[in-house]
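One is the number of the first residue; the rest follow in order along the sequence.
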Amino acid sequence: ANANGCSATSDTISVVVTGLSDLSDNKNIYIYPNPATDNITIESPQQAVIEISNIQGQLIKTIAANGNKTSVDISGFARGMYFVKIQTKDSVGVWKVVKE
């Protein structure tokens with residue numbers, strides 16, 4: 001990135017994605033709207049830990065959800081793709097969410 005003639009680079013980070021779950025794999029978990037602009041709603045029938053990472057694999061936000069519907073404010077996120085990892089006591093899944 002360049003700002004006022006100065007450039008900055010960050011360290012290279014390796015990201016290994018071991019598997020992406022589709023909504024069809026976890027029928028009881030829903031994320032909407034997708035794409036989203038200001039908020040996403042995550043529906044999970046049980047308590048979950050929600051981790052949102054950017055495309056570089058950097059963790060941006062962690063939320064403890066008590067089940068039911070959890071609203072997440074993404075209005076401050078840059079436009080692009082994010083990974084939403086949802087871990088419950090029974091399963092873990094990763095979804096792609098697009099911020100417009």
Self-check item: 4.5 Å side-chain heavy-atom contact, Lys96 and Phe83
Solution: yes

Quiz item: In Å and rounded to the nearest 0.5 Å, what is the CD1 to CD1 distance from Ile40 to Ile31?
Solution: 6.0 Å

Quiz item: When rounded to the nearest 0.5 angstrom, what is the spacing between OG in Ser75 and CG in Asn39?
Solution: 6.5 Å

Quiz item: Under 4.5 Å between any side-chain heavy atoms of Ile50 and Val84, yes or no?
Solution: yes

Quiz item: With a 4.5 Å heavy-atom cut-off, do Val72 and Lys61 have their side chains touching?
Solution: yes

Quiz item: How far does CD of Glu43 sit from OG of Ser71, to the nearest 0.5 angstrom?
Solution: 11.5 Å

Quiz item: Is the closest side-chain heavy-atom distance between Gln47 and Thr88 below 4.5 Å?
Solution: no

Self-check item: Student check: side-chain heavy atoms of Phe77 and Ile52 closer than 4.5 Å
Solution: yes

Quiz item: Say you draw a straight line from NZ of Lys99 to CE of Met81; how long is it, rounded to the nearest 0.5 Å?
Solution: 15.0 Å

Self-check item: Over all atoms of both residues, closest heavy-atom pair of Tyr82 and Asn54
Solution: CD2-CA, 3.7 Å

Exercise. Supply the atom-to-atom distance Lys69 NZ to Ile42 CD1, rounded to the nearest 0.5 angstrom.
Key: 13.0 Å

Quiz item: Considering all heavy atoms of both residues, which atom of Pro33 and which atom of Ala36 are nearest to each other, and what is their separation?
Solution: O-CB, 3.4 Å

Self-check item: Atom pair CD/CG of Gln56 and Leu59 - distance to nearest 0.5 Å
Solution: 13.0 Å

Quiz item: Which heavy atom of Val97 sits nearest a heavy atom of Asn34, and at what distance?
Solution: CA-OD1, 3.5 Å

Self-check item: Considering all heavy atoms, the nearest Pro45-Asn28 contact
Solution: CD-O, 3.1 Å

Quiz item: Are any of the side-chain heavy atoms of Val92 and Ile86 separated by less than 4.5 Å?
Solution: no

